[in-house]
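Numbers restart at 1 for each chain; the letters A, B, ... are given by sequence-line order, proteins then strands.
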Amino acid sequence: MEKRVVFRSSWLPYALIAPQMAITLVFFFWPASQALWQSMLLQDAFAAKTQFVWFDNFKDLFADPRYLASFRVTAVFSTLVTVLGLTLSLLLAAFADRVVRFGAVYKTLLIWPYAVATAVAAILFVFLLNPTIGVVSLLLHAMGVDWNYLINPTHAMILVVIAAVWKQISYNFLFFLAGLQAIPKSLLEAAAIDGAGPARRFWTIVFPLLSPTTFFLVVVNIVYAFFDTFGIIDASTSGGPVQATTTLVFKVYQDGTQAMDLGSSAAQSVILMAIVVTLTVVQFRFIERKVQY
Amino acid sequence: MKIRSGAARAALFAALVSVASAASAVTEIQWWHSMTGALNTKVDQIAEKFNASQSEFKVVPVFKGQYDESMAAAIAAYRAGNPPQIVQVFEVGTATMMAAKGAVKPVYQLMKEQHEPFDPKAFLGAVYGYYADTHGNLISMPFNSSTQVLYINDDAFKKAGLDPTKPPATWPEMHAAMEKLKAAGVSCPFTTGWQSWVQLESFSAWHNVPFGTLENGFGGLATRLDFNGPVQTMHIQNLGDWAKAGLFVYKGRKDEPLASFNSGECAMITTSSGSYANIKANAKFNWRVATLPYYPSVKGAPQNTIIGGATLWVLNQKDPAVYKGIAKFFTFLSSPEVQEDWHESTGYVPITLAAYELAKKKGLYEQKPGFDIAIKELTNKPPTPNSKGVRFGNFVQIRNIIDEEFESVWSGQKTAKQALDEAVKRGNEQLERFQKTNQ
C-alpha cells in the first residue's frame with residue numbers, strides 16, 4: 001500500500017515547496033529560457049546589433065560536419081569516463097571496505113582528489129604525460145612507445161579520460177563505500193555459511209543490493225562527463241589535436257566565452273540540454289526498472 | 001516576497017557604493033589587463049607613476065585573466081552597463097572590437113576632443129597600421145607589441161659543427177642546419193611557438209603574399225581568406241615533410257614550445273620577440289636572436305613582419321568627465337621614457353620612434369645583442385597591403401581552425417594543400433557569419 005500524507009491546509013504544501021521552486025526558477029528555468037531565446041539570435045559580441053534568425057544557428061550547426069563529429073567524441077569520452085570511473089571506484093571501495101587496519105587513512109587518501117580543482121587536475125596529468133617533460137612519458141619513451149598527445153588523437157583522448165576519471169573517482173568511491181557499508185552483514189554471513197565464496201557473494205548479493213547506488217552514480221557520471229569536464233579539456237588539450245578531444249560542452253565553452261559567438265553557443269547548449277534530458281528520462285524509464293531498492 | 005526584498009537591499013547597497021565612490025574627489029580609471037608576473041609588476045609601476053604625477057585621476061590596474069578572459073569580462077561588463085574605462089585586448093580581438101562601433105571610443109577621437117597632443121607619425125608604421133581604420137585613424141592605443149624572431153642554441157650549433165655567428169638566414173639554410181643538428185644527435189632540431197601567427201600570418205607578410213582578400217581584411221567585412229597560395233603551401237608542405245623526418249618537432253599551439261627550447265631539447269625556435277626575457281631567465285646555455293628565415297626563391301622576400309600583442313581600448317562611458325583622465329594617461333603612456341623603460345624591461349618593441357631612438361642612445365642594443373632584430377624586421381620595408389597586418393572577425397575560431405588543420409599536416413594525415421584549402425573553406429564560413437552579424 002502506498003503511503004500518503006494529506007495536507008488539510010490549502011496553502012501549506014505550496015509554501016513548503018516554494019523555496020525549492022524559487023531556486024529552480026531562478027537558477028534553472030530563467031537561464032535556460034535565456035539560452036533558448038539567445039539561440040535564435042545572431043548578435044555581435046557587444047550586443048549592439050541583434051537579429052532574430054529563427055533556427056538558423058541550429059541549421060548551421062547540423063550542416064557542420066565538425067559539430068557532428070563532436071557528438072562521436074562526446075559519446076566515446078563519456079562512456080569511457082563513466083565505465084572506467086565506476087569500475088575503478090567500485091573496486092577501490094570493495095577493497096577499502098575490507099581493510100581492517102588504517103582504514104581511515106586509505107579512505108581519506110582516496111577522497112582527496114575530490115578537493116583538487118579541475119584545472120589543477122588537468123595540469124597535473126599534463127605534467128606527468130607531457131611528451132617533453134612528463135615523467136610518465138619518459139618511461140613510455142624508454143619502453144619504446146612514441147607517446148605524444150599533441151599529435152596522436154588516441155593519446156589525447158587517453159589523457160583527458162584519465163584526468164576526468166581521476167577527478168571523479170573520489171565521489172563515486174564515497175557513494176559505493178556508503179552503499180557497501182549499508183549491506184546487512186547477516187546476509188553475507190548466511191551466504192558464507194552456505195558455502196558461497198567471496199566472488200559469488202559479491203555478484204549475487206552485494207552487486208544487486210548496490211544497484212540503486214550504481215544507478216544513481218551512472219546518471220551523475222554521465223552528467224559530469226557531459227557538462228563538467230570542459231575545464232580539464234581546456235587546460236590540457238584545448239580540444240586538439242585536430243578535434244580529437246572537442247566534446248560538445250567544450251565547444252559550447254569555446255564558442256561562447258572565447259569566441260564570443262553567443263548565438264551558436266546558446267544553440268549548442270540547448271541541444272546539449274535536450275540530450276541530457278533525454279538520456280536521463282531514458283535512464284529512469286528503462287534502467288531504473290531493473291534497479292532493486 | 002523574500003527575493004524581492006533581497007533584490008531591493010542589493011540595489012540599495014549598490015547605490016550606496018556608487019554614491020560613496022562618486023563622493024571621493026579623485027576620478028578612478030579602471031584598467032583591465034592580462035599581464036602576468038614581471039609584466040604585471042611593470043603595469044602597476046606605470047600606473048603608480050602616472051598617479052603620482054597628478055592628483056585629479058587615479059589609474060587602477062586590474063588583472064582579469066588571460067587575454068580572452070579579460071576581453072570576455074569587459075564585454076560582459078559592457079553588456080551589463082558597467083564597463084571598465086580601459087581594457088587591454090589582444091590583436092586577435094581587434095576586428096571584433098572595431099566592429100563594435102557604439103561600444104568603443106576611438107583613440108584619435110578621444111585625443112582630439114581632449115586637446116591632447118597626438119601625432120600619428122610618432123608611432124612605428126607597423127604598429128600604427130595594424131590598429132588604424134581604413135582612413136588611417138588610430139582606433140586603439142598601442143601598448144605591448146612584439147613580432148616573430150628565430151632563437152638558436154649556440155652550444156647545440158657548435159656541437160653539430162655549425163657556426164652560431166652565422167645563423168641560417170633562409171629556409172633552405174634552416175633545412176641544412178636541421179639535418180646537421182639531427183645528425184649530431186639533437187632530438188628536436190627545430191620547433192615553433194604560435195604556429196598560425198608565425199608560420200602563416202607573419203610568413204605571408206614576410207613573403208609579401210596575401211593572407212586574405214581586401215588587404216588582409218583591412219578593407220572591410222567582405223574579406224575572405226586567401227592563404228592557400230603556392231608560397232604558403234610550399235612552406236607548410238616543407239614543415240610537414242620535416243616533421244615526418246623528425247627535423248621539425250611539434251610542441252603545441254601557443255607558447256608551450258618555448259619550454260622545449262629553454263630546456264635545451266630543441267635547438268631552434270621561431271616565436272615571439274617578447275620571449276627574450278623568459279629565455280634569458282631560464283636557458284642554461286649560450287643562445288642568440290636571429291632574423292626570421294625566408295625563401296630566397298620568393299620575389300620581394302623578405303618584406304616586413306607583422307606584430308602581435310595587445311592594445312588598450314577605451315570603452316564608451318556614461319560620464320564623459322573621465323575621458324580627460326584617459327587621454328592624459330595615454331599621453332603619459334606613449335612618452336619616450338615610459339616606452340623605452342617598457343621595451344627594455346619586457347622585450348616588447350618600443351611603439352614610438354622616439355622611444356627607439358632613446359634606447360639606441362642609451363646603448364641598449366650593445367648591452368643586449370639581438371634586442372633590436374624585432375624592430376629591424378618590422379621596419380625592413382614600408383608595409384604593403386599584404387604586410388600591414390591581418391584583420392578578421394571571429395579570428396579566435398579561425399586560429400583554432402588553422403591550428404587543427406596544421407596538426408593534421410604534422411601528423412601526416414593531410415597534405416599541406418588539402419589542409420590549407422580546408423582551413424580557408426572553414427575560415428570563410430566564420431567570416432561569412434561575422435559579416436552577417438555585423439551588417
**OP:** Could you label the plane-to-plane angle of the A:Y253 and A:F250 rings as parallel, tilted or perpendicular, counting under 30° as parallel and over 60° as perpendicular?
**Re:** tilted
Subject >> Aromatic plane relationship, A:W166 with A:F125 - under 30° parallel, 30 to 60° tilted, over 60° perpendicular >> reply: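 Geometry flag for A:W166 against A:F125: perpendicular rings.
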Between [X] and chain A, with a heavy-atom cut-off of 4.5 Å, which part of the residue counts as in contact: side chain, backbone, both or neither?
X	result
B:E405	side chain
B:Q66	neither
B:K251	both
B:Y250	both
B:L315	side chain
B:D403	neither

In terms of heavy-atom proximity below 4.5 Å to chain B, should [X] be classed as side chain, backbone, both, or neither?
X	value
A:T50	neither
A:Q258	both
A:I23	neither
A:N130	neither

Are [Y] and [X] an aromatic pair, judged by ring center distance below 6.0 Å?
X	Y	value
B:F248	B:F190	yes
B:F261	B:F285	yes
A:W37	A:F52	yes

**OP:** Indicate yes or no: does B:E422 engage A:R66 in a salt bridge with an N to O separation below 4.0 Å.
**Re:** yes
Subject >> Largest heavy-atom contact set with chain A, pairs under 4.5 Å, which of B:A259, B:A100, B:C188 >> reply: B:A100
